[in-house]
J.: 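My structure is below; once you've seen it, I'll send some questions.
For the numbers below, each heavy atom of this structure counts, side chains included, while hydrogens, waters and symmetry mates do not.
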Amino acid sequence: MSKELLLVMNPFSGTRRANRFLTDILILFCSYGWNCHTHMTQSKGDCRNKVEECAAGCDLIVCIGGDGTFNECVDGLLTANANIPLGYIPAGSTNDFASSLKLSKNIMRAAKDIMEGKERFLDVGSFDGRHFTYVASFGAFTKASYATPQNVKNSLGHLAYVLEGINDISAIRPHHLRFDTPEKTVEGDYIFGAISNSTSVAGLLTISPKIVDMNDGRFELLLIRHPDNIVDLSEIIRALTAADYSSYMLDFFSAAEIKIRADKQMDWTLDGEWQQGASEIKVENIHNAIRVITNPDASNKTPLQLIK
């Protein structure tokens, strides 16, 4: 009985470096006994629709692209309610999610790891019903994820986000939000916030892998308070550089479910893609939602427990 594999590829991701390996990837997969079906995405939403349409007839889905393409792939898989493993060959500009999973940046190595790797259950987020794989964020620098032109991202990679963020500094203003969780409530004026299940956000902000567990049923929330003076600003820089999450300028905690009250005019970013804001938002962790094939040599050590 043949094994059916759907390969969905975004040919415009990153510097398009993965395109020249397509034939070699297919030859590799076929050598492991897979019957391969290939789909090249044409527009936004195409990956999601194709995965949802074909998932029921597949034994494995492989995604080649960036974080946005992977997000669509996961959304299509969950919408189809298909319990099949997912492979990811990162080929975007930033690849935050892949970095957290320690997936190889070498295209052919990543492809072989899918054939020989091990499945790992991972949590997925729901933002008022829209899925996200690793982060829902707002405020400073987040606009750069979806506002930076693709050709600039392709040319400059991480630097594109830095440049766009610097350009946006003069427009940074605080947002007043309230976060209610079963364990605690925080409220204040914030210039940045991330509800994440990742060690890397936008290639700029990192959270210690000793804290992040991508299948513990909880998110990490990092909120940066609005600085009133140069001392506060210096403290933010020091705390983020030193990964000191106990700073008075940060709110940092974990939660499985969050109810948010915010300005409905405030935009959000989900996995680097724009999301319209709302005055009341419900974010939920879908525990063990997907099975992703990871590097067979990657460590799955249990991270240190974050104080709830």
J.: Around atom CG of Asn229, are there more than 12 heavy atoms from other residues, nucleotides or ligands closer than 6.0 Å?
T.: yes
J.: If you take all heavy atoms of Leu6 and Val51, which pair is closest and at what distance?
T.: CD2-CA, 4.4 Å
J.: Can you give me the closest heavy-atom contact between Leu270 and Ala136, atom names plus distance?
T.: CD2-CB, 3.4 Å
J.: Counting only heavy atoms not in Gln276, do more than 12 sit closer than 6.0 Å to its CD atom?
T.: no
J.: Carefully, step by step, assess Trp268 and Ile260 under the rule side-chain contact (heavy atoms from CB on, under 4.5 Å).
T.: CA-CA 12 Å; Trp268 289 73; Ile260 305 168; 3.9 Å; yes
J.: Can you label the angle between the Phe127 ring and the Phe132 ring as parallel, tilted or perpendicular, going by 30° and 60°?
T.: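 The rings of Phe127 and Phe132 stand perpendicular, inter-plane angle above 60°.
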J.: With no hydrogens and no angle check, do the side chains of Arg218 and Ser254 hold a donor and an acceptor under 3.5 Å apart?
T.: yes
J.: Measure across Ser13 and Gly66 and return the closest heavy-atom pair with its distance rounded to 0.1 Å.
T.: OG-N, 3.3 Å
J.: Treat each ILVMFWY residue as a node, draw an edge where side-chain heavy atoms are under 4.5 Å apart, and state whether Leu5 and Ile290 are in one component.
T.: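 No; tracing contacts between hydrophobic side chains, which count when under 4.5 Å, never links both residues.
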J.: Can you name the closest pair of heavy atoms from Arg291 and Asn83 and give their distance?
T.: NH2-O, 2.7 Å
J.: Does a salt bridge link Arg130 with Glu273, judged by any charged N lying under 4.0 Å from a carboxylate O?
T.: no
J.: Could you report the tightest heavy-atom contact between Asn215 and Phe121, atom names first, then the distance?
T.: CB-O, 3.1 Å
J.: Establish, from distance only, whether the side-chain atoms of Tyr134 and Asn71 form a donor-acceptor pair under 3.5 Å.
T.: no
J.: Just to verify, which of Glu72, Glu53, His131 counts as forming a side-chain contact (heavy atoms from CB on, under 4.5 Å) with Arg48?
T.: Glu72
J.: State whether Lys3 and Asp59 are salt-bridged, where the test is any N-O pair (Lys NZ or Arg NE/NH1/NH2 against Asp/Glu carboxylate O) under 4.0 Å.
T.: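 Asp59 and Lys3: not salt-bridged.
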J.: Taking all atoms of both residues into account, what is the closest heavy-atom pair of His175 and Leu177, and its distance?
T.: O-CD1, 3.3 Å
